[in-house]
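Before any comments, here is the structure.
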There are 2 protein chains.
Amino acid sequence: MSTTRRARQKVTVTADLVILTIRDGELSVLLVERANDPFAGELALPGGFLRGRESLLDTARRELAEETGLDPSTFHLDQVGVYSAPDRDPRDPRVITCAYLAIAPDLPMPTAGSDARAARWSSVADALRTGLAFDHDGILRDAVDLARVEVQFTTVATAFCDAEFTIGDLRAVYEVVWGVELDKPNFHRKVTDAAGFIEPTGGKRPTPNGRPAALYRAGPADSLSPPMMRPRSS
Amino acid sequence: MSTTRRARQKVTVTADLVILTIRDGELSVLLVERANDPFAGELALPGGFLRGRESLLDTARRELAEETGLDPSTFHLDQVGVYSAPDRDPRDPRVITCAYLAIAPDLPMPTAGSDARAARWSSVADALRTGLAFDHDGILRDAVDLARVEVQFTTVATAFCDAEFTIGDLRAVYEVVWGVELDKPNFHRKVTDAAGFIEPTGGKRPTPNGRPAALYRAGPADSLSPPMMRPRSS
DNA sequence: AGAATAGTGTCTGTAAGACAGTATTTG
DNA sequence: CAAATACTGTCTTACAGACACTATTCT
């Protein structure tokens, strides 16, 4: 932290959110359609300006509550990183953003109780194919990469599920996030043996045609050791 | 990225550096003694203000060059994270910083050709015992945690070594960074089997009293799969 | 020769991956 | 009963960890 006064400048800071969920078997992200320039009419990640005496995490939590209408303390939020390229905002060369990754269950949204902007779910593949405003393509890619690593080493995969879920639900999370197929028997053994990952509730969920699946809830552990193994080709 | 103008504010942004190396068998960090308030006379991480049209990575690289007098392109730089608590700088509630981790070999410094500030190496343990200015204790802890993870999954451990190094040198890096003892034979087999991690130069380095060790250089791989296994109790 | 350090071989336990087989439901 | 889905058992292979052993240098 230099003490020279030379060339010190003030910049605008925002927090942007990558809210991921799984909808219809696809990894999906919450996007907003921009009402104003720059990039009016294009899709972008939700986000907002750092205000008052907030930390950036506070900003992210506040925006998350505004977008989803839900209690932000129920979400898992991780810092993805800072994006500070000088021309990422064409109207002001000095706007930097800090991106946060939020992982959510399949919500009954879009965004009851949100602010006026049109928010919608989009599959990550579509979003990257179509392209997003600013440098949000890169942010989204980085956030998805982070999510892939996080589900491997932590128990956040359960944050994609409802409060009660089956092992099949959890396996679907890994298959969608990693884009692979996993062996059902081995997955079952692995997650039931991982201490603190999931706990049986005692309940069962009927299946259309077959043996009902036991229900589980998230366990107390945060990290997984040994981690979930991702099939090679990382 | 909201388009409302309400409560938008400008803040001062800095990049702080956690430059780690191994000196005398201890994980060490480059610190500067602050000349001015706040925290005049205390030790802090080197850093400086975002200038002109730089990205924060540019700022970090520039500061790194100023502190070490070396070509910044030779260093490995990783973003640790953003620190934006509202009162982390007692004189201005709106100074946020982005911390970067740099990994360096044991340099012939302190800081030939650096700017006027008194820079010195300190062991990480001492730095955390004594305490640093601002929130730099927490930043240092986070950066060390990141380094511990990075050496596990990437080949950056070689960045702690000189251009040519022995397997014993590399093992010492892991032992110091992780604070553990590793089995020599197993470590040797593991790193020589890891594709692209290290390459033999053909040379040998004499030892004071014993068989000379073969010399290696860093290989082309960036990531290690399978990763280096860290003894349990993570 | 003996001490010291580098490097190899071999055994064992653990866990991942493949997959056969069993259990529990609906029609 | 057949079909479908959930779950269990077992075999194989890969690899981490322990550690005995060999190799090459110096005094």
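Keep in mind that what you see is a predicted model, and the values were worked out from it rather than measured. Just so it is clear: chains get the letters A, B, ... in the order the sequence lines come, proteins before strands, and each one is counted from 1.
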Mark yes or no for whether [X], through its side chain, and [Y], through its backbone, hold a donor-acceptor pair below 3.5 Å.
| X | Y | result |
| --- | --- | --- |
| T201(B) | R217(B) | no |
| T21(B) | A104(B) | yes |
| D71(B) | S73(B) | yes |
| Y174(A) | V151(A) | yes |
| T97(A) | T14(A) | yes |

Among the candidates [options], find the nucleotide nearest to the side-chain atoms of [X].
| X | options | answer |
| --- | --- | --- |
| A214(B) | dC7(D), dT5(D), dG7(C) | dG7(C) |
| D183(A) | dT24(C), dA18(C), dA6(D) | dA18(C) |
| P226(B) | dA16(D), dT24(C), dC7(D) | dA16(D) |

(request) Look up atom CG in L17(B) and atom CD in E63(B), then write down how far apart they are to the nearest 0.5 Å. (result)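 If I round to the nearest 0.5 Å, the distance is 7.0 Å.
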Round to a whole Å and report the spacing from [atom1] of [X] to [atom2] of [N].
| X | N | atom1 | atom2 | value |
| --- | --- | --- | --- | --- |
| E181(B) | dC19(D) | CD | P | 13 Å |
| K204(A) | dA23(C) | NZ | C1' | 10 Å |
| K190(A) | dT8(D) | NZ | C1' | 18 Å |
| R205(B) | dG7(C) | CZ | C1' | 16 Å |
| L182(A) | dG17(C) | CG | C1' | 11 Å |
| F187(A) | dA6(D) | CZ | C1' | 14 Å |
| M229(B) | dG13(C) | CE | P | 20 Å |
| N209(A) | dA4(D) | CG | P | 7 Å |

(message) Could you check whether F75(A) and Y100(A) have their ring centres less than 6.0 Å apart?
(response)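 Aromatic pair excluded; centres sit 6.0 Å or further apart.
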I'd like a table of atom pairs between the protein and nucleotides 8-10 of chain C - only N or O on both sides, under 3.5 Å - with the distance next to each one.
residue : atom : partner : partner atom : Å
dT8(C)  : OP2  : H188(B) : ND1          : 3.3

(request) Specify whether F134(A) and H136(A) have parallel, tilted or perpendicular ring planes, treating 30° as the upper limit for parallel and 60° as the lower limit for perpendicular. (result) tilted
(message) Among residues at least two apart in sequence or on other chains, which ones pass side-chain hydrogen bond (donor to acceptor under 3.5 Å, both in side chains) with R189(A)?
(response) N186(A)
(request) Name all residues meeting the side chain to side chain contact (heavy atoms under 4.5 Å, CB included) criterion together with D142(B); count only those two or more places apart in sequence or in a different chain, and write none if there are none. (result) V80(B), Y83(B)
(request) With a 4.0 Å heavy-atom cut-off, tell me which residues in residues 151-174 of chain A come close to DNA chain C, sorted by residue number. (result) none
(message) By nearest heavy atom, map P212(A) and P206(B) onto DNA chain D; which one lands nearer the 5' end?
(response)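 In this pair, the answer is P212(A).
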(message) Assess whether a salt bridge exists between E33(B) and R120(B), defined as any Lys/Arg side-chain N lying under 4.0 Å from an Asp/Glu carboxylate O.
(response) yes
(request) Find the bend of the helix from dA1(C)-dT27(D) to dG27(C)-dC1(D) as the angle between its two terminal axes (five pairs each), to the nearest 10°. (result) 10°
Can you give the donor-acceptor pairs under 3.5 Å from side chains of residues 126-133 of chain B to other protein atoms, not counting sequence neighbours?
residue : atom : partner : partner atom : Å
D126(B) : OD1  : R129(B) : NH2          : 2.4
D126(B) : OD2  : S123(B) : OG           : 3.4
T130(B) : OG1  : D126(B) : O            : 2.8

